[in-house]
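Taking it in order: structure first as structure tokens, then the write-up.
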Amino acid sequence: KMVGGIPTTNLRRDVINRMMKEEGWVVNDYQKTVNGKKVYVVVAQSAVKGVIQSRQFYFTEVDGKVYTLATTSPNEAQEQIARESEKVIQSLQRGSRPVQALNK
């Protein structure tokens, strides 16, 4: 499995290393299709002052370049943030200017 010529194992390892520095952990990783293009997603968590935060890292290739989008949200907002993140990924894939995700 690759994203823009980069093995997904390398992308996952980068997230693991980042999460170790932040005393977080990786929960899952998977590939999905967004707007007809493959997107690799790594789901992680970290604790901030005892509160668990959801972290999602998206990797996609557009025109030979690999783009990364990283989000942090409270666990209860994870699904909404994922939907908004996919809008950003879709805007990259369409070649349009990225849209700003909804912040609440």
Side-chain angles (χ1 to χ4, degrees):
K1 297 178 183 178
M2 309 264 271
V3 174
I6 301 172
T8 56
T9 53
N10 290 8
L11 300 172
R12 180 178 164 82
R13 173 56 53 196
D14 288 345
V15 173
I16 289 170
N17 289 339
R18 180 174 175 175
M19 295 313 298
M20 287 177 65
K21 289 177 186 173
E22 298 176 20
E23 298 182 7
W25 56 96
V26 170
V27 176
N28 195 10
D29 67 320
Y30 57 92
Q31 281 193 320
K32 67 184 298 179
T33 302
V34 175
N35 204 33
K37 292 253 197 169
K38 289 187 180 184
V39 176
Y40 179 61
V41 182
V42 180
V43 180
Q45 292 181 334
S46 61
V48 177
K49 297 183 181 181
V51 177
I52 303 297
Q53 298 286 310
S54 176
R55 308 284 305 271
Q56 295 202 43
F57 299 84
Y58 299 84
F59 301 91
T60 191
E61 181 269 330
V62 177
D63 296 328
K65 295 180 183 177
V66 175
Y67 290 86
T68 304
L69 173 66
T71 65
T72 302
S73 67
N75 273 344
E76 60 273 7
Q78 178 181 359
E79 289 181 28
Q80 178 185 354
I81 297 300
R83 286 190 301 272
E84 295 297 324
S85 297
E86 286 186 19
K87 290 179 186 177
V88 174
I89 296 292
Q90 288 175 4
S91 72
L92 286 171
Q93 293 170 345
R94 286 191 306 264
S96 59
R97 189 168 158 239
V99 296
Q100 181 175 343
L102 174 68
N103 290 324
K104 286 189 174 185

Determine the minimum heavy-atom distance between Val3 and Glu61, stating which atoms define it. CG1-N, 3.9 Å
Within the 4.5 Å heavy-atom criterion, are Ser85 and Ile81 side-chain neighbours or not? yes
For residues Pro74 and Gln53, determine if any side-chain heavy atom of one lies less than 4.5 Å from a side-chain heavy atom of the other. yes
Go through it in stages, so that I can follow the logic: the residues are Arg13 and Thr9, the test is side chain to side chain contact (heavy atoms under 4.5 Å, CB included), and I'd like the CA-CA distance, side-chain angles, deciding distance and then a yes or no. CA-CA 6 Å; Arg13 173 56 53 196; Thr9 53; over 6 Å; no
Could you give me the CA-CA distance, side-chain angles and deciding distance for Gln78 and Val43, then say whether side chain to side chain contact (heavy atoms under 4.5 Å, CB included) is met? CA-CA 10 Å; Gln78 178 181 359; Val43 180; 4.0 Å; yes
Check the surroundings of atom CD in Glu79: do more than 12 heavy atoms from other residues, nucleotides or ligands lie under 6.0 Å from it? no
Cluster check Ile16, Leu69: I/L/V/M/F/W/Y, side chain < 4.5 angstrom: no
Mind checking whether Val15 and Val26 have side chains closer than 4.5 Å, heavy atoms only? yes
Sequence neighbours excluded, the answer for salt bridge (Lys or Arg N to Asp or Glu O under 4.0 Å) partners of Lys38 is none
Taking Leu11 as the starting point, is it possible to reach Val39 by hopping between hydrophobic residues whose side chains are less than 4.5 Å apart? no
Could you measure the distance from the CG atom of Asp14 to the CZ atom of Phe59? Nearest 0.5 Å is fine. 6.5 Å
Heavy-atom side-chain proximity of Gln45 to Trp25 below 4.5 angstrom: yes
If Ile, Leu, Val, Met, Phe, Trp and Tyr residues are connected whenever their side-chain heavy atoms lie under 4.5 Å apart, and connections chain through other members, are Ile52 and Val27 in the same group? yes
Side-chain heavy-atom pair Leu92, Tyr58 within 4.5 angstrom cut-off: no
Taking everything shown except Met20 itself, do over 12 heavy atoms lie less than 6.0 Å from its CE? no
Are the charged groups of Arg83 and Glu86 less than 4.0 angstrom apart, N to O? no
Could you state whether Tyr30 and Ile89 fall into the same hydrophobic cluster, counting links through intermediate Ile, Leu, Val, Met, Phe, Trp or Tyr residues with side-chain heavy atoms under 4.5 angstrom apart? yes
CD of Glu22 to CZ of Arg55: how many Å apart, nearest 0.5 Å? 4.5 Å
Establish whether Tyr40 and Val34 are linked, either directly or via other cluster members, by ILVMFWY side-chain heavy-atom contacts under 4.5 Å. no
To the nearest 0.5 Å, atom CD of Gln31 lies from atom NZ of Lys1 at 5.5 Å
Could you go through the side chain to side chain contact (heavy atoms under 4.5 Å, CB included) check for Phe57 and Asp29 one step at a time? CA-CA 9 Å; Phe57 299 84; Asp29 67 320; over 6 Å; no
Euclidean distance, Lys87 NZ relative to Asn35 CG, rounded to 0.5 Å: 13.5 Å
